[in-house]
A.B. asks: 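My structure is below; once you've seen it, I'll send some questions.
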Amino acid sequence: PVVLDADALNVVAQNWPDGQMLETETVLTPHPGEMARLLRTSTAQVQLSRMHAASALSKKFGCWVVLKGARTVIAGPDGTLLVNPTAIPTLATAGSGDVLAGMIGSFLARGFPARAATACAVFVHGCAGEVGFIDNRGPIGTLAGDVLGYLPSVINALLSFHCPMPRRLRKVLPGSMHLLAQDVSDDAG
């Protein structure tokens, strides 16, 4: 499994403009501008139909795609389309995407299939951003390192979902978490 982010995406766009089948456990993590370069279109076109763009890139390279942004979209080579229910302006900061790419890589390294690794990482990353937003009372002053700092408590809360958890976590765990957890547990065992 491989996660390609940032300049690695530019290398892919420059060297394989017409696409090339990558391993199915490869994950590309573009923001809308990077997605536009990979698809040879404009950022505005990507933003008009984020699900279509993610799906098109997934088909073009035969791998998993995480289109970052408001309501992050995950697309798989098998036609899977997932939209993350967690989204917050706190995550629109330098380095936040690096934290997400590292999380996806860590889940892949733990043996999660790409579908589960991307879904879990994107969801937990979004929850950590929401906790940071609540704690900081807004996106101003929140850094990627702050989001990173919330990951352990979010992951522990999700792992012990039926146990009492801090009030701030109860506020941010959406009801759709059960659906995502079920979807991911089918893949991860």
Side-chain angles (χ1 to χ4, degrees), residues 1-108 112-130 133 139 142-144 147 174 176 179-180 183-184 187:
V2 175
V3 180
L4 300 176
D5 189 40
D7 279 340
L9 297 173
N10 293 328
V11 170
V12 169
Q14 291 169 0
N15 292 305
W16 299 315
D18 298 323
Q20 174 166 329
M21 288 299 114
L22 301 173
E23 295 292 325
T24 57
E25 292 298 299
T26 299
V27 180
L28 306 179
T29 59
H31 59 59
E34 292 164 334
M35 176 69 83
R37 284 192 292 282
L38 289 159
L39 290 175
R40 304 270 188 232
T41 189
S42 68
T43 304
Q45 277 301 118
V46 168
Q47 292 293 70
L48 278 176
S49 182
R50 293 173 51 80
M51 289 175 48
H52 174 75
S55 181
L57 189 64
S58 178
K59 288 177 186 167
K60 180 176 179 177
F61 289 103
C63 66
W64 288 85
V65 172
V66 175
L67 175 55
K68 298 179 285 195
R71 299 290 183 226
T72 294
V73 176
I74 299 167
D78 61 356
T80 295
L81 272 173
L82 302 170
V83 179
N84 185 40
T86 60
I88 199 81
T90 302
L91 298 175
T93 185
S96 179
D98 298 326
V99 173
L100 177 59
M103 291 176 63
I104 295 168
S106 70
F107 283 124
L108 289 169
F112 281 60
R115 175 188 171 119
T118 56
C120 288
V122 166
F123 184 77
V124 169
H125 184 255
C127 287
E130 290 185 8
F133 185 83
T142 301
L143 304 173
V147 174
S176 57
L179 297 175
L180 178 61
D183 182 49
V184 170
D187 282 344

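Just the heavy atoms: all of them, side chains too, but no hydrogens, waters or symmetry mates, feed the values below.
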A.B. asks: Drop me the distance from Thr43's OG1 to Glu34's CD, to the nearest 0.5 angstrom.
C.D. replies: 10.0 Å
A.B. asks: My understanding is that only residues two or more places apart in sequence, or in another chain, count here; which of them pass side chain to side chain donor-acceptor pair (under 3.5 Å) with Gln45?
C.D. replies: none
A.B. asks: Report the distance from atom OG1 of Thr72 to atom CG of Leu91, rounding to the nearest 0.5 Å.
C.D. replies: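 Reported to 0.5 Å precision, the distance equals 7.5 Å.
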A.B. asks: Would a distance-only check, ignoring hydrogens and angles, find a side-chain to backbone donor-acceptor pair under 3.5 Å from Ser55 to Met51?
C.D. replies: no
A.B. asks: Quick one: are Trp64 and Pro77 in side-chain contact, heavy atoms under 4.5 Å?
C.D. replies: yes
A.B. asks: Could you tell me whether the side chain of Val46 reaches within less than 4.5 Å of the side chain of Leu67, counting heavy atoms only?
C.D. replies: yes
A.B. asks: Side chains of Arg50 and Pro32: closer than 4.5 Å at any heavy-atom pair?
C.D. replies: yes
A.B. asks: Kindly give the heavy-atom pair with the smallest separation between Ala101 and Asp5, and that separation in Å.
C.D. replies: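 Nearest heavy atoms, Ala101 then Asp5: CB-OD2, 3.9 Å.
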A.B. asks: Check His31 against Lys68 and note the closest heavy-atom contact, atom names and distance.
C.D. replies: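 Looks like N-CE, 3.8 Å.
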A.B. asks: Quick one: side chain to side chain donor-acceptor pair (under 3.5 Å) partners of Asn15, sequence neighbours excluded?
C.D. replies: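 Asn15 satisfies side chain to side chain donor-acceptor pair (under 3.5 Å) with no residue once adjacent residues are dropped.
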A.B. asks: Kindly check if the number of other-residue, nucleotide or ligand heavy atoms within 6.0 Å of CG (Asp78) is above 12?
C.D. replies: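 Yes, because the 6.0 Å sphere around CG of Asp78 holds more than 12 heavy atoms from other groups.
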A.B. asks: Under 4.5 Å between any side-chain heavy atoms of Phe123 and Pro85, yes or no?
C.D. replies: yes
A.B. asks: Just by distance, do the side chain of Gln47 and the backbone of Ala44 share a donor-acceptor pair under 3.5 Å?
C.D. replies: no
A.B. asks: Sequence neighbours left out, what pairs pass side chain to side chain donor-acceptor pair (under 3.5 Å) with at least one residue falling in residues 96-108?
C.D. replies: Ser96-His125
A.B. asks: Tell me whether Thr26 contacts the main-chain N or O of Val3 through its side chain, where contact means a donor paired with an acceptor under 3.5 Å.
C.D. replies: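 No, the answer is negative, given that no donor and acceptor are paired below the 3.5 Å cut-off.
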A.B. asks: Are any side-chain N or O atoms of Thr80 and backbone N or O atoms of Ala75, one a donor and one an acceptor, separated by less than 3.5 Å?
C.D. replies: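 No: the side chain of Thr80 does not pair with the backbone of Ala75.
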A.B. asks: Would you check if Phe61 and Val12 make a side-chain contact, meaning some heavy-atom pair closer than 4.5 Å?
C.D. replies: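 Result yes, sub-4.5 Å side-chain heavy-atom pair found.
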A.B. asks: Counting C-beta onward and ignoring hydrogens, is there a side-chain heavy-atom pair between Ile104 and Leu108 closer than 4.5 Å?
C.D. replies: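 Answer yes - side chains close enough.
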A.B. asks: Give a yes or no on whether the backbone of Gly76 and the side-chain of Arg115 come within a donor-acceptor separation of less than 3.5 Å.
C.D. replies: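 Checking the backbone N and O of Gly76 against the side chain of Arg115, no donor-acceptor pair under 3.5 Å is found.
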A.B. asks: Drop me the distance from Phe107's CZ to Thr118's OG1, to the nearest 0.5 angstrom.
C.D. replies: 10.5 Å
A.B. asks: Could you pull out the closest heavy-atom pair between Cys63 and Ser58, with the gap in Å?
C.D. replies: O-OG, 2.6 Å
A.B. asks: Among Thr29, Leu9, Val65, Leu28, which residue meets the side chain to side chain contact (heavy atoms under 4.5 Å, CB included) test with Met35?
C.D. replies: Val65
A.B. asks: Side chain to side chain contact (heavy atoms under 4.5 Å, CB included) for Val73 and Leu81? Distances and angles first, verdict last.
C.D. replies: CA-CA 7 Å; Val73 176; Leu81 272 173; 4.0 Å; yes
A.B. asks: Report the distance from atom CG of Leu38 to atom CG of Leu57, rounding to the nearest 0.5 Å.
C.D. replies: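 Here the interatomic distance stands at 5.0 Å.
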